[in-house]
Amino acid sequence: MESEQLVATSLAHLVESASYTGSGNPTTKFQQCLLLNISYCPASEVTLSQGKKLIVVVYNSLGWKRDDTVRIPVINEDVIVHDSEGKAIESQLLPLDDVHLGLRNYYVKAYLGQTPTKTPKYWLVFTVSVPPLGFSTYTISGAEGAGASSTRSSVYTFQSREKSTIEVGQGNVKLSFSTEQGKMTNYVNSRSLVEESVQQSYSFYNGYNGSNDKAPLIPQNSGAYVFRPNGTFLITPEEKASLTVIRGPVIDEVHQQINSWIHQITRLHKEKEHVEVEFIVGPIPTDDGIGKEVVTQLDTAMATNKTFYTDSNGRDFIKRIRDYRTDWDFKVNQPVAGNYYPINLGIYMQDNRTEFSVLVDRSLGGSSTVDGQIELMLHRRLLLDDSRGVAEALNETVCVSDECTGLRVLGKFYFRIDPLGDGAKWRRSFGQEIYSPLLLAFAEQDGDNWKNSHATTFSGIDSSYSLPDNVALITLQELDDGKILIRLAHLYEVGEDKDFSVMANVELKKLFPRKKIGKATEMNLSANQERTEMERKRLVWKKEGGSSGTEKGVRGGPVDPAKLVVELAPMEIRTFLIDLEQKFFHRRHHHHDVSDV
Amino acid sequence: MATTTPRLLFFFFCVLISVADSKFMVYNTSQGIVAGKLNVHLVPHTHDDVGWLKTVDQYYVGSNNSIQGACVQNVLDSLIPALLADKNRKFIYVEIAFFQRWWRDQSDAVQRIVTDLVSSGQLEFINGGMCMHDEAATHYVDMIDQTTLGHRFIKREFDVTPRIGWQIDPFGHSAVQAYLLGAQVGFDSLYFGRIDYQDREKRKNDKSLEFVWQGSKSLGSSAEIFSGAFPENYEPPSGFYFEVNDKSPIVQDDITLFDYNVQERVNDFVAAAVSQANITRTNHIMWTMGTDFKYQYAHTWFRQMDKLIHYVNKDGRVNALYSTPSIYTDAKYATNESWPIKTGDFFPYADRINAYWTGYFTSRPALKHYVRTMSGYYLAARQLEFFKGRSTSGPNTDSLADALAIAQHHDAVTGTEKQHVANDYAKDCQ
């Protein structure tokens with residue numbers, strides 16, 4: 001992929017700039033692992049020995065400093081991780097389980113044509129701290145006999161017959177699981193004092209087969225477009241279902257094989273107050289001749305009064321009321337499908353004490369079809385077409401050597417429970433982290449000279465600056481005419497958060513510390529006209545009842561060309577074209593700049 | 001039946017002789033808006049999916065026609081002479097992923113002609129993103145990026161800015177589309193085809209298919225947009241389809257031939273117009289004259305619309321004109337009518353009982369994840385590209401930008417395309 005090369009080359013330029021002496025291309029060859037989500041990363045799966053070290057450059061595209069974890073497959077059983085300053089940091093090894101290895105080997109064969117030759121034994125997990133729009137460097141080396149090496153996780157498997165309650169979590173949030181039922185039972189946050197009974201389960205809907213429906217019924221199958229369930233079936237953990245608990249200094253995990261085709265890991269990061277759930281769903285069985293749509297449900301005792309909230313394209317949250325439409329007297333004929341809404345960022349519900357938020361890693365459908373419950377549809381495999389033109393059943397398969405099996409889907413969702421009114425901060429800031437995961441670039445280093453010849457940290461913005469907590473930089477791009485396109489987005493709605501639903505200020509000069517801003521022109525959203533021009537042409541329509549009852553909406557004021565401070569009102573996005581007065585990468589100055597950071 | 005052939009041949013011979021006497025017919029298509037009459041705005045358009053049953057490449061060149069006879073090159077190639085033939089004819093083009101390819105394939109001479117057609121307003125870019133993005137499974141950053149890519153192409157090549165949002169096919173409509181990708185882009189209005197069947201019935205009765213949409217609680221009326229949901233769909237009224245093989249009766253106005261039907265067709269036209277006027281505020285209605293991949297031979301449509309405009313206006317009961325969504329919007333605005341306010345969004349969408357289009361929110365979850373992953377990657381890659389300094393010769397982010405843009409199409413990230421097309425989108429992103 002061309003962009004992958006671009007990323008590798010750009011990072012090479014940035015790390016080498018400290019020792020950069022002349023023109024020409026950088027020599028550092030970075031590799032990336034775009035299949036890391038299926039546990040495949042040839043760059044990190046190297047045997048570290050005799051001084052051979054793995055360099056991991058961790059890039060953060062968010063406008064604020066970020067503490068997060070990195071998770072990569074490794075071969076060695078004893079490794080040690082050093083940070084940008086050369087200090088040994090805490091890390092944890094977790095066994096790479098058979099389910100993930102099987103998925104990895106099968107899908108690598110399917111995508112790349114070859115089964116991986118190596119088999120990493122562990123996931124290495126460590127906590128990183130990365131400056132805004134910048135990188136930090138972590139060095140992983142073999143650590144035979146040395147101190148401060150990675151902690152190997154403790155692993156314990158409970159059989160379903162054992163009756164006990166286990167608690168996991170090293171930080172403020174702790175989750176309880178019943179080993180007998182094989183499921184989560186309780187969530188408690190010792191800092192916010194929120195406690196809630198939470199049970200998670202999987203179910204599937206049978207896809208409706210309308211092919212035998214006679215008039216006046218209109219045949220309607222469930223298909224690629226249309227969700228039409230025909231009964232819901234709870235997936236109960238099988239008799240021999242076990243529950244494996246993995247604990248360590250960075251992360252605790254609970255692994256569950258829900259049935260023969262659903263596996264999940266529930267994770268608690270020590271420094272975080274949310275729960276991460278990773279699922280592998282599929283192949284969805286269809287040997288009974290029926291298509292199925294698989295959902296997970298999170299149940300609480302919350303009295304949510306038919307109300308829940310879902311995002312609009314990852315931005316504003318819209319209030320949803322079950323079996324109700326604002327604009328007309330709604331006649332319910334599909335009590336589940338008719339209450340489904342698109343989810344890009346998340347879904348949440350509230351009662352008079354708490355709010356329960358779930359965030360997602362991709363778009364999917366979800367609902368709250370019962371008070372106190374949130375449902376997400378994770379995967380669907382259907383055998384019939386739903387007659388809206390595509391004329392093909394949504395029956396995704398993956399083939400290896402001409403043998404095809406139903407698609408397995410690996411994904412994550414995240415949930416957190418907060419006191420009422422406190423959930424927005426997590427939804428907005430962690431939502432940005434989901435959308436912009438840390439970008440990892442790998443290089444190998446023989447010997448001990450990386451630090452001497454490479455910059456180990458970098459920030460593209462002023463080292464004393466970071467964006468306000470309620471603002472994201474959603475575009476920073478050099479256009480083909482040399483102008484810089486930037487967009488700043490306020491992340492909160494009016495009234496959404498008591499601290500952050502306020503006017504925010506961004507200092508443009510601090511975003512371009514090594515350049516002088518010649519001119520900053522505010523544009524419309526798609527940057528094809530000046531904003532003043534757009535506002536001048538705007539039609540003002542007459543509305544029924546005049547303008548009474550409609551809020552005008554608050555906007556940030558004009559930008560003073562001397563101060564170059566951009567005001568952003570709640571939910572405002574502002575777009576600028578910027579002329580920079582000198583070419584950005586002036587070599588002579590650059591040495592100084594990077595080593596300054 | 002062989003014995004009847006000589007007589008038939010003789011008969012045709014007579015007809016041909018009489019045709020030789022007829023003269024070149026000039027149709028008056030110059031009519032503009034007429035105050036006090038019901039104005040029927042004929043909006044010639046084609047709806048060209050940037051991938052669905054065929055891949056985007058197959059649609060462009062017209063291959064794999066056993067799946068669907070569709071070729072975007074045919075549309076654009078035949079459109080230009082059709083517009084040149086009569087300066088009153090108008091056309092809108094929407095999907096810039098296709099238009100950009102075609103544009104790059106044209107000679108300087110054709111490019112000059114097209115530039116003139118755009119300047120005169122005969123050819124207008126509407127919506128103007130690379131694709132008509134989905135509104136349920138798309139992230140707002142991707143919607144902005146793909147719209148920007150198309151809009152900046154149009155600005156660079158033609159120095160124009162699209163005025164109208166045209167989301168006629170997506171399966172439900174989002175608040176973000178209205179207030180962000182509509183009002184904040186600078187659009188004067190937003191039109192779409194698919195809303196819940198129960199909602200549509202109520203809006204027909206209340207004459208509220210057109211309204212002012214305030215999609216953002218925070219930005220309120222500062223980000224509102226005039227919006228219109230079509231009464232049925234984005235196609236012409238029944239009986240007014242004029243692709244080469246379409247079944248609708250053409251306007252046969254040669255009195256010397258069989259099947260002369262001018263009055264019948266005018267009556268059909270007036271009846272369809274009055275029926276739509278009964279559910280619409282003001283004396284302006286829009287007819288979306290076209291549908292999926294139509295105008296492969298553009299003359300067939302324009303020939304019939306020329307005649308309809310000519311004879312309907314001669315009849316005089318209603319006023320028919322060549323129009324665009326911009327002309328229609330300006331006409332609506334000029335009436336000074338008051339419009340109902342809409343807040344929230346149009347999800348979920350059902351086109352009839354038991355048919356909620358809520359499955360596609362999840363369909364192809366792996367493709368959806370891939371698109372989202374590439375979206376975040378593209379954002380980071382552009383930052384790094386800026387820090388290094390953009391290169392025109394070395395690797396850059398342009399190909400990822402194009403691939404991600406078409407992946408936002410309403411049959412791409414939605415998961416509602418055929419399997420081979422899904423594979424193609426994923427391959428483009430690599």
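Reminder, nothing fancy here: chain letters follow the sequence lines and each chain counts from 1.
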Test item: A:R538 side-chain N/O and B:G186 main-chain N/O as donor-acceptor pair under 3.5 Å | no

With sequence neighbours excluded, tell me which residues meet ring-ring contact (aromatic ring centres under 6.0 Å, His included) with B:H151.
-> B:F187

Say you draw a straight line from OH of A:Y225 to CH2 of B:W357; how long is it, rounded to the nearest 0.5 Å?
-> 6.0 Å

Looking at A:S526 and B:V185, what are the two nearest heavy atoms and their distance?
-> OG-CG1, 3.8 Å

Under 3.5 Å side-chain donor-acceptor pair for A:E544 and B:S338 | no

Residue part contacting chain A, namely of B:Y378, when any heavy atom lies under 4.5 Å | side chain

If you take all heavy atoms of A:P342 and B:A136, which pair is closest and at what distance?
-> CB-O, 3.5 Å

Spatial distance of atom OG (B:S216) from atom CD1 (A:I318) [nearest 0.5 Å] | 9.5 Å

Please look at A:L34 and chain B and tell me whether the side chain, the backbone, both or neither of the residue comes under 4.5 angstrom of a heavy atom of that chain.
-> side chain

Interface moiety of B:W52 toward chain A, non-hydrogen atoms closer than 4.5 Å | side chain

Partner of B:S222 under side-chain hydrogen bond (donor to acceptor under 3.5 Å, both in side chains), picked from A:K552, A:E535, A:R555, is A:R555

Please look at A:K319 and chain B and tell me whether the side chain, the backbone, both or neither of the residue comes under 4.5 angstrom of a heavy atom of that chain.
-> neither

If you measure only the distance, is there a donor-acceptor pair under 3.5 Å linking the side chains of B:T148 and A:R487?
-> yes

Pairing residues for A:Y435 by the ring-ring contact (aromatic ring centres under 6.0 Å, His included) criterion, not counting sequence neighbours = B:H139

Verdict with reasoning, B:R203 to A:D327, per salt bridge (Lys or Arg N to Asp or Glu O under 4.0 Å) | CA-CA 9 Å; B:R203 289 179 181 278; A:D327 291 353; 2.9 Å; yes

Checking B:A183 against chain A: side chain, backbone, both or neither under 4.5 Å from a heavy atom?
-> both

Say whether, by atom type as modelled, one donor and one acceptor occur between the side chain of B:R152 and the main chain of A:A527 under 3.5 angstrom.
-> yes

Side chain, backbone, both or neither: which part of B:L219 has an atom under 4.5 Å from a heavy atom of chain A?
-> both

So A:D481 and B:R156, salt bridge (Lys or Arg N to Asp or Glu O under 4.0 Å) or not? Walk me through it.
-> CA-CA 11 Å; A:D481 60 6; B:R156 186 168 64 242; over 6 Å; no

Under 4.5 Å to a heavy atom of chain A? For B:F347 that would be both

CZ on A:R325 to CG on B:D199, rounded to 0.5 Å = 9.5 Å

Please look at B:R364 and chain A and tell me whether the side chain, the backbone, both or neither of the residue comes under 4.5 angstrom of a heavy atom of that chain.
-> both

Proximal component of B:D196, with respect to chain A [non-hydrogen, under 4.5 Å] = side chain

Answer with side chain, backbone, both or neither: which region of A:T326 has an atom nearer than 4.5 Å to a non-hydrogen atom of chain B?
-> neither

Spell out, as yes or no, whether a donor-acceptor pair under 3.5 Å connects the side chain of A:E392 to the backbone of B:K418.
-> no

Please state whether the side chain, the backbone, both or neither of A:L479 comes within less than 4.5 Å of a heavy atom of chain B.
-> both

Decide if the gap between the ring center of A:F458 and the ring center of B:F387 is smaller than 6.0 angstrom.
-> yes

So CD of A:Q477 and CD of B:E385: to nearest 0.5 Å the spacing works out to 7.5 Å

In terms of side-chain heavy atoms, does A:Y59 have a donor or acceptor partner in B:Q383 at a distance below 3.5 Å?
-> yes

So which heavy atom on A:S312 is nearest to which on B:A175, and how close?
-> OG-N, 3.4 Å

Is there a donor-acceptor contact under 3.5 Å linking the side chains of A:D316 and B:Y179?
-> yes

B:T329 versus chain A, the contacting section by heavy-atom distance below 4.5 Å | both

Taking the side chain as C-beta and beyond, is there a heavy-atom pair between B:R390 and A:I484 under 4.5 Å?
-> no

B:N354 and A:Q220 side chains, donor-acceptor separation under 3.5 Å | no

When you look at A:T475 and B:R382, which way does the side chain to side chain donor-acceptor pair (under 3.5 Å) test go after all the steps?
-> CA-CA 8 Å; A:T475 315; B:R382 278 178 291 172; 4.8 Å; no

Please confirm whether B:F361 and A:Y340 have ring centers closer than 6.0 angstrom.
-> no

Looking only at atom types and distance, does a side-chain atom of B:T362 sit under 3.5 Å from a main-chain N or O of A:G365, one as donor and one as acceptor?
-> yes

Can A:S363 and B:R372 be counted as having a side-chain donor-acceptor contact under 3.5 angstrom?
-> no

Quick one: what part of B:A350 sits under 4.5 Å from any heavy atom of chain A, side chain, backbone, both or neither?
-> neither

Which atom of B:Y140 lies closest to which atom of A:G314, heavy atoms considered = CE2-O, 3.6 Å

Which is it for A:K542 and B:E337 under the salt bridge (Lys or Arg N to Asp or Glu O under 4.0 Å) test, yes or no, and what are the steps along the way?
-> CA-CA 7 Å; A:K542 268 175 70 178; B:E337 176 76 32; over 6 Å; no

A:S10 side chain to B:K388 backbone, donor-acceptor under 3.5 Å = no

Closest approach of A:L439 to B:A380 (non-hydrogen atoms, all atoms of both residues) = CD1-CB, 3.8 Å

What part of B:Q177 is in contact with chain A, defined as an atom under 4.5 angstrom from a non-hydrogen atom: side chain, backbone, both or neither?
-> backbone

Rounded distance (nearest 0.5 Å) linking atom OH of B:Y360 with atom CG of A:L394 = 14.5 Å

Given that the side chain runs from C-beta out, which part of B:S375 has a heavy atom under 4.5 Å from chain A: side chain, backbone, both or neither?
-> both

Verify, without hydrogens or angle tests, whether A:N313 (side chain) and B:T138 (backbone) share a donor-acceptor contact under 3.5 angstrom.
-> yes

Distance, nearest 0.5 Å, that separates CH2 of A:W541 from CD1 of B:I341 = 14.0 Å

Counting only heavy atoms closer than 4.5 Å, note whether A:D311 contacts chain B via side chain, backbone, both or neither.
-> neither

What heavy-atom pair brings B:A366 and A:L407 nearest, and what distance separates the two atoms?
-> CB-CD2, 4.0 Å

For A:S436 and B:G376, indicate whether the former's side chain and the latter's backbone hold a donor-acceptor pair under 3.5 Å.
-> no

Winner by heavy-atom pair count (cut-off under 4.5 Å) against chain A, out of B:K368, B:R163, B:K342 | B:K368

Under 4.5 Å from a heavy atom of chain B, the part of A:F317 involved = backbone

Checking salt bridge (Lys or Arg N to Asp or Glu O under 4.0 Å) for the pair B:D345/A:R320: CA distance, chi angles, key distance, verdict?
-> CA-CA 10 Å; B:D345 64 3; A:R320 312 297 188 182; 2.8 Å; yes

For the side chain of B:S218 and the backbone of A:V494, is there at least one donor-acceptor N/O pair under 3.5 Å apart?
-> yes

Segment of B:A223 engaging chain A (4.5 angstrom heavy-atom cut-off) = both

